[in-house]
Amino acid sequence: MTQTNLRNGPDANGLFGAFGGRYVAETLMPLILDLAREYEAAKEDPAFKEELAYFQRDYVGRPSPLYFAERLTEFCGGAKIYLKREELNHTGAHKINNCIGQILLARRMGKKRIIAETGAGMHGVATATVAARFGLDCVIYMGTTDIERQQANVFRMKLLGAEVIPVVAGTGTLKDAMNEALRDWVTNVDSTFYLIGTVAGPHPYPAMVRDFQAVIGKETRDQLQAQEGRLPDSLVACIGGGSNAMGLFHPFLDDNSVEIIGVEAAGHGIETGKHAASLNGGVPGVLHGNRTFLLQDDDGQIIDAHSISAGLDYPGIGPEHAWLHDIGRVQYTSVTDDEALDAFHKCCRLEGIIPALESAHALAEVFKRAPTLPKDHLMVVNLSGRGDKDMQTVMHHMEHSQKEQSQQEQSKQEKH
Amino acid sequence: MSRLQTRFAELKEQNRAALVTFVTAGDPSYDTSLAILKGLPGAGADVIELGMPFTDPMADGPAIQLANIRALGAKQNLAKTLQMVREFREGNTDTPLVLMGYFNPIHKYGVLRFIADAKEAGVDGLIVVDLPPEHNGELCDPAQVAGLDFIRLTTPTTDDVRLPTVLNGSSGFVYYVSVAGVTGAGAATLEHVEEAVARLRRHTDLPISIGFGIRTPEQAAAIARLADGVVVGSALIDHIADATTPAQAVDGVLSLCAALADGVRKARVS
């Protein structure tokens, strides 16, 4: 097999193979072209790089540890499992890696107002955080369904001085919030910087967000080298839009020995149609500025995603993932709500770490995979966020399943 | 000559601007929407823009978002929208009709199949909001080869450097979005429109239609003095939203259309 370089994308038009691009209204085109130019310049500017490194270290708290999960490894009885502890970052998830990068760019471009969309609220909190730090106005769009299930994060954003605008359209989740953010942007083009939270949207966002998140994979490489003296054998990360996964995966794409696994949210199960697995259950289409795999019906209408995890509840996926899926470099699997919840509880009990429900999807895949692998197999899992925000959802689910259980027992007794 | 060319040439002879009306296909139902469509030319619409419903109309304001939701709720889809054009064409062969919407439903339908079916149904042109000239190869080029006009949106952010890129490959007319924003938002000042039209004229010979935020016969008349076409959408659609019966919806839209047409027709006389 010839060595290919898979880390060069996208091309000048923002394409990863057939995916990506710049499918936006004309009002936004000049801005997006401008943003691409500014980003290219900033990337090469030593002062920008230095400032970014400073904030990553002293504000975000990087590098995040690469932690050998001994009890998890024992429990699985196979692969040696390492957790990349992104949940220990300031604001509790990987999201801030990207936000710090983009806010520095926004400031460089002289923008005074920051807007963002958020699903689980982690990107909203991270955006509100950096906006507060740099004294910029901040407006966060969030679906009403998500506001209900992520109230703690809504409160955090408000404490940080952001205005949270509820979006009622559609199912009131991430895609609807993104539509509304785009409408705001098109209306306030001169003053406003749209801080997209994932590796999706029009070029240059997928590449730019990936670059800011790639610090995860770069650190992992060095840390594992220091601890084990070699590359990992496999990487596992959950995928909604796919930024934490792309951040971990990207620096390893050209290392053919590294098996890479992305985990989509299967919700109630892909066969039920109630899921958020764009690659496993969708087809290519165009939404939110890029060509990628989408959940859609026969008429090209977007189907609402479903996942217990608000952060994965999106009917699309970053275009670079669509491409990596297409060429087969990354294997994309899926786990259900129930499997993720089970992994969530196990992680709490085994490691004393409460993971985000998003990250619990990656852990669920680990529980399936690790037991079948030899003990010298090194597996790195991106623990992309902490679960504090999910208390309400998990509590609700536990009450619900307890009720179901007691009802089942009751009906059993009645039959006897 | 295409229907669009013929229509704009006729109106130039008459020294008046075109009234371009936008409604969403299938809003609030197939039958009512078809009745509106059939009634528009008689009520004074010179060019018809027919919206292809989409779940995620990112560049549209509340009025058209709701129109999309109503139409999709009534099971409108792209095949039915093309059928609606066919039925419209049975009784009308001279009013240009342009389909307007977002790319994904076309992408799913299949670009070449869509172009062929649209042409056969009697569609004259396309406006696809989320396909900038950077993606001309995907739809604009093959559509024009097949004889469909491809109408571009230009905006206040499209500067002189970018304008040639946007206008290159445009045909039919140029749609100037007079405010940076979503459909149905506030109107631009006449000074802004006048300047914008002058700037566009330096770059193109195509007719220039102005849209976004035009709601009343007076506003339409004011714009009609400056440009070759006046586009009204959200204000018409509000009459569908407010109607309690299908008859009321048809009547509301056509009455406003007639008033707007009157405004446009009288604009350059006084």
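In this text the structure is predicted, and so the values were computed from the model without any measurement. Below, chains carry the letters A, B, ... as their sequence lines are ordered, and counting in each starts from 1.
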Go through the steps for A/Val283 and B/Lys108 under the test side chain to side chain contact (heavy atoms under 4.5 Å, CB included), then give the verdict. CA-CA 9 Å; A/Val283 291; B/Lys108 190 72 174 63; 3.8 Å; yes

Are there more than 12 heavy atoms of other residues, nucleotides or ligands under 6.0 Å from atom CD of B/Glu120? yes

Is chain A contacted by the side chain of B/Leu72, its backbone, both, or neither, given a heavy-atom distance below 4.5 Å? side chain

Turns out that what part of B/Val166 lies under 4.5 Å from chain A's heavy atoms comes down to side chain

With a 4.0 Å cut-off, would you call A/Arg291 and B/Glu138 a salt bridge? no

Under 4.5 Å from any heavy atom of chain A - which part of B/Asp60: backbone

Pick one of side chain, backbone, both or neither for B/Pro57, based on which atoms fall under 4.5 Å of a heavy atom in chain A. both

Within the side chain of A/Thr27, is there an N or O that forms a donor-acceptor pair under 3.5 Å with the backbone of B/Thr155? no

For B/Asp160, is the CG atom crowded, meaning more than 12 foreign heavy atoms sit under 6.0 Å from it? yes

Looking only at non-hydrogen atoms, find the nearest pair between A/Ala25 and B/Ala59 and report the distance. CB-CB, 4.5 Å

Should A/Lys175 and B/Asp56 count as an ion pair when the cut-off is N to O under 4.0 Å? yes

Specify the closest pair of heavy atoms between A/Asn179 and B/Met58, including all atoms of both residues, with the distance to one decimal. OD1-CG, 3.0 Å

I need the minimum non-hydrogen distance between A/Glu26 and B/Pro132, along with the two atoms involved. OE1-CB, 4.4 Å

For atom CD of B/Glu87, decide whether the heavy atoms of other residues, nucleotides or ligands shown that lie under 6.0 angstrom number more than 12. yes

Closest non-hydrogen atoms of A/Pro284 and B/His107, given as atom of the first, atom of the second and distance, are O-CE1, 3.4 Å

Of A/Leu182, A/Asp298, A/Leu31, the largest count of non-hydrogen pairs under 4.5 angstrom with chain B goes to A/Asp298

For the candidates A/Ile303, A/Thr187, A/Asp297, which exhibits the highest count of non-hydrogen atom pairs separated by less than 4.5 Å from chain B? A/Thr187

Any donor-acceptor pair under 3.5 Å linking the side-chain atoms of B/Glu134 with those of A/Asn13? no

Does the B/Asn104 side chain pair with the main chain of A/Leu287, one donor and one acceptor, at a distance under 3.5 Å? no

Any donor-acceptor pair under 3.5 Å linking the side chain of A/Gln301 with the backbone of B/Pro53? yes

Take a 6.0 Å sphere around NZ of A/Lys274 and say whether it holds more than 12 heavy atoms from other residues, nucleotides or ligands. no

Is the backbone of A/Pro30 close enough, under 3.5 Å, to the side chain of B/Arg162 for a donor and an acceptor to pair up by distance? no

Rounded to the nearest 0.5 angstrom, the CG-CG distance for B/Leu78 and A/Asp299 is 6.0 Å

Identify which part of B/Phe54 has an atom lying under 4.5 Å from any heavy atom of chain A, answering side chain, backbone, both or neither. both

